[in-house]
Peer 1: 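Quick one: the structure is below, and I'll ask about it shortly.
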Amino acid sequence: MKVPILLPNIFNHPFTYKSELDLKVGDYVIIPFGKVEVTGIVWDEFEKKTSKNFIIKKVLKKIKTPSLKKDTIKFLNWFSEYNMIPKGMALKLLLLSGNAVEKISSEFYEQFKINIKKNKIELSKDQKSCLKKMNISNQKFRVHVLQGTTGSGKTMVYFEALKEIINKGFQGLILLPEIGLTGQFQNKFIEFFGFKPAVWHSGITKKNKKIIWSGIANDKIKVVIGARSSLFLPFKKLGLIIVDEEHDQSYKQDEGVTYNARDMAISRASFENIPINLITAVPSIETYDNIKKGKYSVSKLNQRYLNASLPKYEIINLNNLKLESQSWISKKTIEKVKFHLEKKDQVLFFLNRRGFSPYVLCKKCFTSYSCPNCSINLVYHKNKKNLLCHYCGYKTLLDRDCSNEGKCDFIFSGPGVERISEEVKKIFPNKKTVIFSSDTMNKKNSTDIMEKIINNKIQILIGTQLISKGFHFPSLNCIVVVDIDLSSQGHDLRGAEKNLQLYHQLSGRAGRTGKPATVYFQTYNLDTKLITDLTNKDPDIFLGKELEIRRENNLPPFQRFIALIITGNNERELEKEAYKFKSFIENAVEGKVLGPVNAPIFKLKRKYRVRLLIRGPKSLKVQNSLAKIIEKFKFSTGMKLTVDVDPINFN
Ligand SMILES: [Zn+2]
Ligand SMILES: [Zn+2]
């Protein structure tokens, strides 16, 4: 018989093979493809254009692994259509570097064996009522949003929900936005359930990946805590998906195969016909819109754990306080911080800029350091003793000959966390400090640092936005935002939403154990209303206003955006090509084609970049019409098109 087999490659259709084996849809097989043997899956439809003279090859063998569920196949087909990704590439996300795992000794699953122990955790009345609203007894698709203030105990509510699901024999998936979170989170999980969950992200070993993949496919592993990619595991009996911190923009995969893991999780739940819970303190604008429309149900936790109150806010107007040169912390701020330190409060200085200084310039020849591969300034990292491009990883030493003879004489413009850390150390020489950024916290000793922070052995933290992500530091009761700069808001359609999320999450780190806490905003901004709006206790007010602005301007979530980025080696050729491409697709697409414009980062990794934007109705027709016409356009050599459906970054 003939069978359609999808391969994990760039093709958007299955290939036809023949086989005497008893094969059904979803079976994993090994087949010859060109000169190599690859793993494929018996797909649900045949390839459309098969030439008669084509020699059909034979399936080599069937892999002994439970077949992929039809619902999952439907999901992958839809995923591919929605995100405009070849079906084969969607399949690749599911297969472990292109392979399936065949039989594995069951002793490997032992470590994840479920063994739910009784815990002493008792839900509050509010938590119980949220749990009831989640309505998990009905095992059908529905989206529920659990919206709760930071530190209100949302996790315990969905853990309870998950427990019921596991007890019924189903598998559960908890999606988290950051790998960095899984450590503290895993402990919380073990404390509640009494057994170890499988943790899945790009950083785990190959061996562990194999064990978890096959444990999931065989229904031997019941719970996975994972980053984006765990959404593509071959669950045999998935019963519940939880998306924690659903508003987090890192759910969007921007490079390579682009998709939004939160949205795809909702669609996977829909195809599997199972419930999904979105967890957040402040919903994303899309989720907020769906709550308003009644598409998603919602439950709310307004009280913080132990009745802790939310931090207070204070604005420190830098226009009235003269800062000394090369200094970024005002005298007034220092007084406030001293007051907190005396009370044994932990203090965080927040600045969302890695390294020492974002801009290095020679005062003799006036040339700055910029990346040779990207149109971006290099950031000086004093601790690493080099200048770094945060986009392509280019590195160079701070050592240059001047065009005015001799060595360059550098000025460092503006601070990064390393520079603030130096200033903090000067002001508080007797306090232990640590920098909390992706440069310092992704290493092996980060567990050690975390422990010291939790036990208040480190009194002052200097952190980037990494610290806003769900960490629980019991003594943190004072946050200083070194410079709240909201001026960039106009350039990014999601600017206001991003700021709302950032400052809400950030202040949520403070005052978690009941002591009074304050967030101080240093600012040059004379209009402080924006800060007051952002920090309002009821974020729904801000979201309501923001949604209105989006509606009036025909922006998402009211319209669909698809970004098209064309890259090439030659500036002028690229521009010509972009205009040619635009006129080619313009009349065929179900939507308006805007642009082309030079991308804000015009040169990235040695390639020039221009952007087009399609604005259309929220219907697959936009994607389908675009896919059809793109297929017919032949790009000149060296030019490449990237499609980003529902873009979040407009770099
Ligand atoms: Zn670069
Ligand atoms: Zn110079």
Side-chain angles (χ1 to χ4, degrees), residues 109-137 144-201 212 215-216 220-227 230 235 237-246 274-281 299 301 303-308 447 450-451 454 469-474 508 512-514:
Y109 309 133
E110 270 310 296
Q111 52 174 324
F112 303 113
K113 209 174 151 193
I114 56 160
N115 177 18
I116 299 181
K117 296 204 179 86
K118 271 224 156 79
N119 59 47
K120 288 184 196 134
I121 298 154
E122 171 104 39
L123 294 191
S124 69
K125 220 177 114 201
D126 287 355
Q127 284 173 315
K128 277 183 191 154
S129 104
C130 287
L131 180 64
K132 216 170 168 187
K133 283 191 190 141
M134 277 185 174
N135 183 27
I136 46 138
S137 52
H144 182 81
V145 182
L146 173 56
Q147 184 181 351
T149 312
T150 48
S152 59
K154 300 185 284 289
T155 317
M156 293 306 140
V157 178
Y158 74 70
F159 274 0
E160 256 334 309
L162 182 63
K163 195 161 92 181
E164 287 186 35
I165 292 284
I166 303 168
N167 281 333
K168 285 182 188 161
F170 290 104
Q171 294 171 302
L173 168 65
I174 303 175
L175 285 173
L176 292 181
E178 295 280 320
I179 303 167
L181 280 179
T182 46
Q184 225 183 356
F185 190 85
Q186 208 179 346
N187 296 339
K188 215 165 159 181
F189 185 95
I190 295 170
E191 196 189 330
F192 184 93
F193 287 95
F195 70 91
K196 208 173 125 192
V199 173
W200 181 273
H201 54 72
I212 295 170
I216 290 297
K220 298 286 184 193
I221 291 177
K222 289 295 182 184
V223 184
V224 177
I225 295 174
S230 59
F235 289 94
K237 230 186 145 189
L238 191 56
L240 178 67
I241 303 178
I242 288 152
V243 184
D244 204 349
E245 313 282 357
E246 69 86 22
I274 57 164
I276 178 165
N277 297 330
L278 308 180
I279 318 297
T280 184
S299 62
L301 274 179
Q303 204 63 52
R304 279 188 134 189
Y305 186 61
L306 292 173
N307 278 330
T447 352
M450 285 292 277
E451 199 142 300
I454 289 164
K469 310 263 179 178
F471 295 103
H472 179 71
F473 299 140
R512 295 175 73 94
T513 42

Peer 1: Tell me the closest heavy-atom pair linking Leu146 and Cys130, and the distance in Å.
Peer 2: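 For Leu146 and Cys130, the tightest heavy-atom pair comes out as CD1-SG, 3.8 Å.
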Peer 1: Which pair of non-hydrogen atoms, one from Leu131 and one from Ala161, has the smallest distance, and what is that distance?
Peer 2: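 Heavy atoms only, the tightest pair is CD1-N, 3.6 Å.
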Peer 1: Identify each donor-acceptor pair in which a side-chain atom of residues 151-159 lies under 3.5 Å from a protein atom, sequence neighbours left out, and give them as a table.
Peer 2:
residue	atom	partner	partner atom	Å
Ser152	OG	Thr149	O	2.6
Lys154	NZ	Gly148	O	2.8
Lys154	NZ	Thr149	O	3.4
Thr155	OG1	Lys188	NZ	3.3
Tyr158	OH	Asp244	OD2	2.7

Peer 1: If I take atom CD1 from residue Ile225 and atom CD1 from residue Ile174, how far apart are they, to the nearest 0.5 angstrom?
Peer 2: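 These two atoms lie 5.0 Å from each other.
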Peer 1: For a quick test of reading the model, state the closest non-hydrogen atom pair linking Thr513 to Pro474 and the distance between them.
Peer 2: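 For Thr513 versus Pro474, the nearest heavy atoms are OG1-O, 2.8 Å.
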Peer 1: Is the shortest heavy-atom distance from the side chain of Leu301 to the side chain of Gln127 under 4.5 Å?
Peer 2: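 When only atoms from C-beta onward are counted, Gln127 and Leu301 do touch, with a gap below 4.5 Å.
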Peer 1: Start with the C-alpha gap between Phe235 and Ile274, add the side-chain angles, then the distance that decides, and say whether side-chain contact (heavy atoms from CB on, under 4.5 Å) holds.
Peer 2: CA-CA 12 Å; Phe235 289 94; Ile274 57 164; over 6 Å; no
Peer 1: Looking at CG of Leu176 and CD of Gln186, how far apart are the two atoms once the value is rounded to the nearest 0.5 Å?
Peer 2: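 Output value for this atom pair is 10.5 Å.
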Peer 1: Can you tell if the side chain of Val223 reaches within under 4.5 Å of the side chain of Phe195, non-hydrogen atoms only?
Peer 2: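 The answer is yes; the side chains approach within 4.5 Å.
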Peer 1: With under 30° as parallel and over 60° as perpendicular, where do the rings of Phe471 and Phe473 fit, or are they tilted in between?
Peer 2: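 Judged by the thresholds at 30° and 60°, the geometry between Phe471 and Phe473 is parallel.
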Peer 1: How many angstroms lie between CG in Leu175 and CH2 in Trp200, if you round to the nearest 0.5 Å?
Peer 2: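 Rounded to the nearest 0.5 Å, the CG-CH2 separation comes to 13.0 Å.
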Peer 1: Are any non-hydrogen side-chain atoms of Leu240 and Phe170 less than 4.5 angstrom apart?
Peer 2: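 Sidechains of Phe170 and Leu240: no contact.
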Peer 1: Can you list the steps and then say if Leu162 with Phe189 is a side-chain contact (heavy atoms from CB on, under 4.5 Å)?
Peer 2: CA-CA 11 Å; Leu162 182 63; Phe189 185 95; 4.2 Å; yes
Peer 1: Nearest 0.5 Å, what's the NZ-CD distance between Lys469 and Glu245?
Peer 2: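 Between atom NZ of Lys469 and atom CD of Glu245 there are 8.5 Å.
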Peer 1: State which residue, out of His144, Gln147, Lys133, fulfils the side-chain hydrogen bond (donor to acceptor under 3.5 Å, both in side chains) condition with Ser299.
Peer 2: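 The option that passes is His144.
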Peer 1: Main chain of Lys237, side chain of Gln171: is a donor-acceptor contact present, judged purely on distance under 3.5 Å?
Peer 2: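 Side chain of Gln171 to backbone of Lys237: a pair is present.
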Peer 1: Is any side-chain heavy atom of His472 closer than 4.5 Å to a side-chain heavy atom of Ile454?
Peer 2: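 No. Closest side-chain heavy atoms not under 4.5 Å.
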Peer 1: Is there a side-chain contact between Val243 and Pro177 (heavy atoms, below 4.5 Å)?
Peer 2: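 No, side chains not in contact.
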Peer 1: Quick test of your reading: applying salt bridge (charged side-chain N to carboxylate O under 4.0 Å, His left out), list the pairs with at least one residue in residues 113-129, sequence neighbours left out, ordered by first then second residue.
Peer 2: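 For residues 113-129, and leaving out neighbouring residues, the salt bridge (charged side-chain N to carboxylate O under 4.0 Å, His left out) pairs sorted by first residue read Glu122-Lys128.
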Peer 1: Report yes if the side chains of Ile166 and Phe193 come closer than 4.5 Å at any heavy-atom pair, otherwise no.
Peer 2: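 Counting from C-beta outward, Ile166 and Phe193 do come under 4.5 Å.
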Peer 1: Return the CD1 to CD1 distance between Ile114 and Ile221, rounded to the nearest 0.5 Å.
Peer 2: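 Answer rounded to 0.5 Å: 11.5 Å.
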Peer 1: Considering residues at least two apart in sequence or located in another chain, which fulfil the side-chain hydrogen bond (donor to acceptor under 3.5 Å, both in side chains) criterion with Gln111?
Peer 2: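 For Gln111 the side-chain hydrogen bond (donor to acceptor under 3.5 Å, both in side chains) partners, ignoring immediate neighbours, are Lys196.
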Peer 1: How far does CD1 of Ile241 sit from CG of Leu278, to the nearest 0.5 angstrom?
Peer 2: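 It is 10.0 Å, given to the nearest 0.5 Å.
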